[in-house]
Amino acid sequence: MERLIVTFAKYKKCTILTSQNCQMSKAITSKEKNYSDWYNDLVVEADMAEHSDVRGCMVIKPHGYAIWEKMQATLDKMFKDTGHVNAYFPLFIPKSYLSKEAAHVEGFAKECAVVTHYRLKNAEDGSGVVVDPEAKLEEELIVRPTSETIIWNTYKGWIQSYRDLPLLINQWANVVRWEMRTRLFLRTAEFLWQEGHTAHATREEAIEEAEKMLNVYAEFAEHFLAMPVIKGIKTASERFAGAEETYCIEALMQDGKALQAGTSHFLGQNFAKAFDVKFANKEGKLDFVWATSWGVSTRLMGALIMTHSDDKGLVLPPRLAPLQVVIVPIYKGEEELAKISERALEFKSALQKKGISVKYDDSDKQRSGWKFAEYELKGVPVRVAIGPRDFQNGTVEIARRDTLTKEVVSHEGLADRIEKMLEEIQQSLFDKAKSRLVASTRKADSYDAFKKMLDEDGGFILAHWDGTPETEERIKEETKATIRCIPLDQEKEDGKCMVSGKPSNGRVVFARAY
RNA sequence: AGGGGCGUAGCGUAGUCCGGUUAUCGCGCCUGGUUUGGGACCAGGAGGUCGCUGGUUCGAAUCCAGUCGCCCCUACCA
């Protein structure tokens with residue numbers, strides 16, 4: 001392998017190392033060189049997750065999990081504020097449930113893990129344990145790939161009258177989809193998510209709910225992840241298995257590929273019919289209830305990484321950073337450290353009073369330079385360094401993770417200044433991502449122009465489509481691009497399908513996607 | 001499922017073609033010292049069922065057979 005790695009050329013004499021003999025630890029592949037390697041390296045080196053011995057499954061490490069917990073906490077509050085409550089349903093679903101809704105089973109059957117036995121026994125040759133053939137389950141259980149079936153089977157017992165509606169429930173859970181190819185956070189066999197499942201008396205109310213939750217997701221993405229999204233609806237072929245309509249938010253990653261970041265489904269009466277969930281309306285007539293489901297997963301971690309991060313590591317928007325500020329002392333000897341620590345701890349408590357999460361890292365296990373690099377790798381938005389020079393001059397050095405800029409400022413009003421800086425970083429990350437999205441969203445009026453745009457820059461391409469699955473399929477086959485969505489704010493515009501030439505009255509969003 | 005490749009210390013690897021002292025090097029780890037404004041340096045040290053099983057041989061990481069696991073490409077994939 002002739003892979004050459006040039007590390008820290010800026011700081012040291014330029015050192016060229018080959019993977020043959022030597023590889024600097026914590027060196028991540030540059031984005032430009034290989035975006036995919038960059039992503040994988042970053043997830044591992046920033047200590048967010050690692051591959052487990054179980055194929056397709058990952059271990060989410062404390063730093064990654066802390067970010068997920070921030071997402072959970074924020075979303076959970078948003079769900080509660082919109083009237084939802086949490087509950088928990090079983091991991092296992094009787095196999096027969098899955099097949100009650102035809103489209104649903106069709107969509108998921110090929111990627112289900114199945115439990116067939118309930119006991120092990122010692123192998124006769126002493127080689128370990130084997131499945132006890134005596135302990136075969138009468139009905140196999142599948143590990144939930146999603147919970148519609150078990151939940152609707154349960155709702156049947158909870159809903160009798162319009163007075164029981166709406167039923168607005170969410171669950172935080174893990175699910176399993178036996179994927180062939182997996183990537184940390186983006187696609188793993190087991191992942192964490194939330195799934196909301198609601199029941200309503202009318203079609204209109206259910207649609208309103210599905211749209212409301214899509215807006216919650218969009219607000220979360222933009223306000224907390226600082227990740228601009230396009231809201232839209234999926235075409236029939238991209239629709240959730242069992243849904244009448246699938247709403248989605250689509251984001252654009254730095255490499256020009258799209259990522260579906262969240263979905264919200266209007267399920268019509270499909271599951272109510274499949275599980276016979278009826279309610280008596282005010283007139284005393286029985287009717288099937290109307291349903292929605294909506295979810296976001298640990299995939300958002302991937303979205304977050306690929307929206308803001310750089311070659312030095314993770315870049316976190318302050319609102320999601322488990323640690324917003326780190327204070328690093330620079331010192332010679334314990335006496336100096338003691339003086340600096342005293343001041344640093346004052347800053348720490350001033351910041352904490354403002355509700356900012358802050359760590360003072362006075363560990364003597366690593367040197368300051370190592371800490372700088374490490375906290376950059378982990379995405380801490382603001383770093384404060386205090387050394388003897390600062391101590392003399394009544395200053396500190398503040399460094400911004402997103403812009404990698406540093407400034408020396410006075411102690412005076414430091415907490416206020418940092419508080420403001422965190423807000424600026426949040427806004428600036430969003431603005432930057434938004435400009436990228438706008439610049440990467442272009443119109444194509446011919447199939448040739450479309451292909452050229454895809455190959456040259458990727459991004460979102462707005463084009464006319466005749467509305468048929470055949471054309472959609474052909475485009476996918478020929479270009480690997482899919483219709484990400486029909487945007488909710490689609491402008492009416494008469495045009496012709498770029499492939500078939502048939503009439504179209506608005507543009508849809510195409511992209512190559514994760 | 002078809003094709004290709006790889007298993008040597010926590011990680012990355014040399015050695016395998018052509019069998020031969022104590023299995024190579026780097027990172028990381030431990031100890032001591034010097035250091036500390038961008039991933040420090042010096043010295044010393046610990047760490048190995050060479051994936052597993054069997055065979056050939058005076059002798060196997062190396063050759064042979066079997067076996068297990070993983071990765072990549074193609075195919076599949078909401």
Side-chain angles (χ1 to χ4, degrees), chain A residues 1 3 5 7-12 15 17-28 36-37 40-41 44-45 50-56 103-112 127-128 145-146 148 175 177-183 186-187 189 234-243 246 248 250 259-260 262-263 265 293 295 297 299 312-313 328-334 336-337 340 362-378 383-393 395-397 399 404 406 408 472 476-477 480 482-485 513-514:
Chain A
M1 290 203 285
R3 192 171 119 177
I5 299 165
T7 28
F8 315 121
K10 199 168 159 190
Y11 306 123
K12 307 174 71 165
T15 317
L17 309 161
T18 69
S19 60
Q20 285 279 313
N21 49 38
C22 171
Q23 187 161 5
M24 207 70 159
S25 69
K26 308 271 175 180
I28 58 183
S36 183
D37 285 351
N40 292 334
D41 287 353
V44 172
E45 295 301 339
E50 65 185 39
H51 290 282
S52 75
D53 278 356
V54 184
R55 190 179 186 281
H104 192 67
V105 66
E106 169 75 22
F108 285 107
K110 279 177 283 183
E111 49 190 40
C112 285
S127 62
T146 178
E148 273 78 5
V175 288
R177 296 179 187 180
W178 214 261
E179 301 285 353
M180 290 293 282
R181 283 173 57 198
T182 59
R183 291 192 68 192
L186 293 175
R187 175 171 281 123
K234 287 291 188 189
T235 61
S237 61
E238 299 274 332
R239 203 175 280 154
F240 175 77
T246 287
C248 63
E250 292 284 328
L259 183 79
Q260 178 178 297
T263 50
H265 316 288
S293 69
S297 72
R299 189 177 225 210
K312 282 183 175 295
V328 177
I330 298 157
Y331 60 94
K332 285 182 204 167
E334 291 197 10
E336 196 165 81
L337 175 62
I340 288 170
D362 63 347
S363 156
D364 61 356
K365 293 191 180 73
Q366 269 88 26
R367 309 167 96 233
S368 52
W370 190 93
K371 292 176 187 172
F372 291 176
E374 187 65 14
Y375 289 113
E376 277 166 6
L377 187 56
K378 292 196 168 169
R383 180 186 72 233
V384 177
I386 312 174
R389 219 153 58 212
D390 294 305
F391 193 81
Q392 290 294 322
N393 303 339
T395 57
V396 297
E397 181 191 81
L404 293 168
K406 293 193 281 199
V408 175
E472 185 182 10
K476 185 179 172 184
E477 292 257 313
K480 296 215 190 298
T482 49
I483 299 178
R484 303 316 304 155
C485 66
Y514 276 98

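Every chain is numbered from 1, with letters handed out A, B, ... down the list of sequences.
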Tell me: CD1 of I330(A) to P of A40(B), nearest whole Å?
13 Å

What integer number of Å spans the C1' atoms of G7(B) and U62(B)?
15 Å

Between C52(B) and C11(B), how far apart are the P atoms? Round to whole Å, please.
15 Å

Taking the minimum atom-to-atom distance to the side chain of R383(A), which one of G37(B), C70(B), G38(B) wins?
G38(B)

Range-with-range stems of RNA chain B (Watson-Crick or G-U pairs under 3.5 Å, three or more in a row):
B:1-7 with B:68-74, B:10-12 with B:25-27, B:29-34 with B:40-45, B:51-55 with B:63-67

A385(A) has a side chain; which of C76(B), G37(B), G38(B) sits nearest to it?
G37(B)

Testing A75(B), U36(B), C71(B) for proximity to the side chain of S368(A), the answer is U36(B)

Answer yes when K378(A) and E45(A) have at least one side-chain N-carboxylate O distance shorter than 4.0 Å, and no when they do not.
no

In chain order, what residues pass the side-chain hydrogen bond (donor to acceptor under 3.5 Å, both in side chains) check against T182(A), with sequence neighbours excluded?
none

If I take atom CE in residue M180(A) and atom P in nucleotide C73(B), what distance separates them, rounded to the nearest angstrom?
12 Å

Sugar-phosphate only, base, or nothing, as touched by R239(A) at under 4.0 Å among non-hydrogen atoms
nothing

For S368(A), all residues meeting side-chain hydrogen bond (donor to acceptor under 3.5 Å, both in side chains), sequence neighbours excluded
none

Out of C77(B), U36(B), G37(B), minimum distance to the side chain of K110(A) belongs to C77(B)

If you measure only the distance, is there a donor-acceptor pair under 3.5 Å linking the side chains of R484(A) and T482(A)?
yes

Would you kindly give the CD-to-P distance between E111(A) and C77(B), to the nearest whole Å?
11 Å

From G37(B), C77(B), G38(B), nucleotide with atom closest to E179(A) side chain:
C77(B)

Below 3.5 Å, does any donor atom in the side chain of K312(A) face an acceptor in the base of G39(B), or the other way round?
no

Holding to side-chain hydrogen bond (donor to acceptor under 3.5 Å, both in side chains), I want the full list of residues that pass it with Y331(A), two or more places apart in sequence or in another chain.
none

Value in whole Å for how far the P atom of C71(B) lies from CG of D37(A):
15 Å

Below 3.5 Å, does any donor atom in the side chain of R367(A) face an acceptor in the base of G37(B), or the other way round?
no

Write down the distance separating the P atoms in G59(B) and G54(B), rounded off to the nearest Å.
16 Å

Using the P atoms only, state how far U67(B) lies from G2(B), rounded to an integer number of Å.
15 Å

d(CD, E45(A); P, G28(B)) in whole Å:
12 Å

Rounding to a whole Å, what distance do you find between L337(A):CG and G37(B):C1'?
15 Å

With sequence neighbours left out, what residues match R383(A) under side-chain hydrogen bond (donor to acceptor under 3.5 Å, both in side chains)?
E376(A)

Quick check: on RNA chain B, is the nucleotide nearest F240(A) upstream (toward 5') of the one nearest K406(A), or the reverse? Name the residue that is more 5'.
K406(A)

Check the distance between G39(B)'s P and K378(A)'s NZ and give it to me in whole angstrom.
19 Å

Regarding E148(A) and S293(A), do their side chains bring together a donor and an acceptor under 3.5 Å, going by distance alone?
yes

Distance between the C1' atoms of G45(B) and C50(B), in whole angstroms?
23 Å

Spacing of the P atoms in A61(B) and U8(B) (rounded, Å)
15 Å

With RNA chain B as reference, determine whether K480(A) or D390(A) sits nearer its 5' end, using the nearest nucleotide of each.
D390(A)

Rounding to an integer number of angstrom, what distance separates A9(B) and G48(B) when you compare their P atoms?
10 Å

Taking the same atom, C1', in G3(B) and in G47(B), what whole-Å distance lies between them?
39 Å

Under 3.5 Å, is there any donor-acceptor pair linking the side chain of Q366(A) to the base of G39(B)?
no

Could you pull out all residues at least two apart from F240(A) that satisfy ring-ring contact (aromatic ring centres under 6.0 Å, His included)?
H104(A), F108(A), H265(A)

Quick check: do Y514(A) and R299(A) have side-chain heavy atoms less than 4.5 Å from each other?
yes

Atom-pair distance (CD on E334(A); C1' on U36(B)), nearest Å:
14 Å

